Amino acid sequence: MLVKSLGAVVTTECELKLDGCTAVAPGPVVVVKEVFTGLQHNVCRNCLEEMIRSGDWEMQNTSIQFRSDFAVISAATNKAVIALEIKAHSWVNGHSEGSRARRWYWNQMMHGRSLPTRYLMLFVLSGHLWIFDVGSSKDAENYNEIAAIPAAEALRDLNMRIDETAAEPVLSDQFGDLLQNLLNSSAGKNAPGWIRKLRLGEVLPERMQIVSNFTAA
């Protein structure tokens, strides 16, 4: 849905109240308008960015902070070189898994700042691990897909087990070791083909750390 900012900041409750909302109680919110219907919404900056990031809203000439559930950070630059996003379900808001993954990635690529070189999105329950090579492309038609690996296969290769009944926030907490396992596996001579295809050796810095709930500066 295409929206535009009306340039107004008012003090009231955010209408969306998504995770990380800064105006659950009355606080500063921006006023945005749906281009085709004229409907107006009062939303805090965090919720606005989340709607753009997810692809539910589109806003021209708007930049958003890059965020991910987990990231491999260069100790020298403090920038993410690999990012991992965890999603519980393959089918979200009527969009197929592939459509949802590409839309999420495209919005990060077009609006985000300080993008990582490798972007991973894992739909855990009956889904796939989607892998994108961000590079320097800003071509909306070029998704730079490296692979889409069945989630069960990827998790097995990375020695991961999950609680399939867990809600998404809890589910995400179970993946603190996934990136470390991925790095360990990529260094092995007998790494599965999809891990070798990631070419992680090309992007990994000498000194790095894995962090959760990463937000780019």
Side-chain angles (χ1 to χ4, degrees), residues 1-71 73 78-80 83-117 119-123 130 132 134-145 167-169 172 211-217:
M1 180 191 307
L2 186 62
V3 300
K4 67 178 183 179
S5 173
L6 297 184
V9 178
V10 298
T11 300
T12 186
E13 291 184 13
C14 175
E15 294 180 13
L16 300 179
K17 296 183 175 66
L18 305 176
D19 288 342
C21 178
T22 58
V24 175
V29 299
V30 295
V31 183
V32 300
K33 178 181 180 180
E34 295 180 16
V35 171
F36 299 113
T37 67
L39 292 176
Q40 294 185 15
H41 303 279
N42 299 324
V43 296
C44 72
R45 182 67 188 181
N46 281 7
C47 288
L48 175 61
E49 287 198 0
E50 192 61 27
M51 292 295 284
I52 296 172
R53 182 177 292 105
S54 68
D56 291 318
W57 284 358
E58 295 180 26
M59 181 180 287
Q60 295 179 343
N61 302 320
T62 298
S63 63
I64 59 177
Q65 285 185 306
F66 179 83
R67 293 207 303 262
S68 63
D69 292 322
F70 298 96
I73 307 299
N78 203 36
K79 293 183 178 180
L84 171 65
E85 195 78 28
I86 305 295
K87 297 298 172 191
H89 298 288
S90 305
W91 193 271
V92 187
N93 293 338
H95 297 285
S96 69
E97 177 186 292
S99 171
R100 189 66 173 178
R102 294 184 185 98
R103 175 182 289 199
W104 196 281
Y105 165 72
W106 184 85
N107 275 280
Q108 293 274 27
M109 183 177 71
M110 296 302 291
H111 297 287
R113 302 188 296 270
S114 301
L115 294 174
T117 306
Y119 184 73
L120 286 64
M121 176 172 285
L122 176 63
F123 290 92
W130 291 81
F132 299 95
V134 178
S136 59
S137 174
K138 288 290 184 181
D139 181 359
E141 300 302 321
N142 181 10
Y143 292 105
N144 300 319
E145 288 180 26
E168 189 166 296
S172 295
V211 299
S212 59
N213 301 315
F214 173 76
T215 299

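None of these values were measured; they are calculated from a predicted model.
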Closest approach of [X] to [Y] (non-hydrogen atoms, all atoms of both residues):
X: Ala83; Y: Pro116; answer: CB-CG, 3.7 Å
X: Ser5; Y: Gly7; answer: OG-N, 3.1 Å
X: Cys47; Y: Lys17; answer: SG-N, 3.9 Å
X: Ile52; Y: Met59; answer: CD1-CB, 4.1 Å
X: Asp69; Y: Ile86; answer: OD2-N, 2.7 Å

To the nearest 0.5 Å, tell me how far [X] [atom1] sits from [Y] [atom2].
X: Phe214; Y: Leu84; atom1: CZ; atom2: CG; answer: 13.0 Å
X: Trp57; Y: Glu49; atom1: CH2; atom2: CD; answer: 12.5 Å
X: Cys14; Y: Arg45; atom1: SG; atom2: CZ; answer: 12.5 Å
X: Gln40; Y: Lys4; atom1: CD; atom2: NZ; answer: 10.0 Å
X: Leu120; Y: Phe132; atom1: CG; atom2: CZ; answer: 9.5 Å

Is any side-chain heavy atom of [X] less than 4.5 Å from a side-chain heavy atom of [Y]?
X: Val3; Y: His41; value: no
X: Met1; Y: Phe36; value: no
X: Thr12; Y: Pro26; value: no
X: Leu18; Y: Met51; value: yes
X: Leu122; Y: Phe70; value: no

Could you give me the CA-CA distance, side-chain angles and deciding distance for Val30 and Val9, then say whether side-chain contact (heavy atoms from CB on, under 4.5 Å) is met? CA-CA 5 Å; Val30 295; Val9 178; 4.2 Å; yes

Please confirm whether the backbone N or O of Asn42 pairs with a side-chain atom of Glu15, one donor and one acceptor, at under 3.5 Å? yes

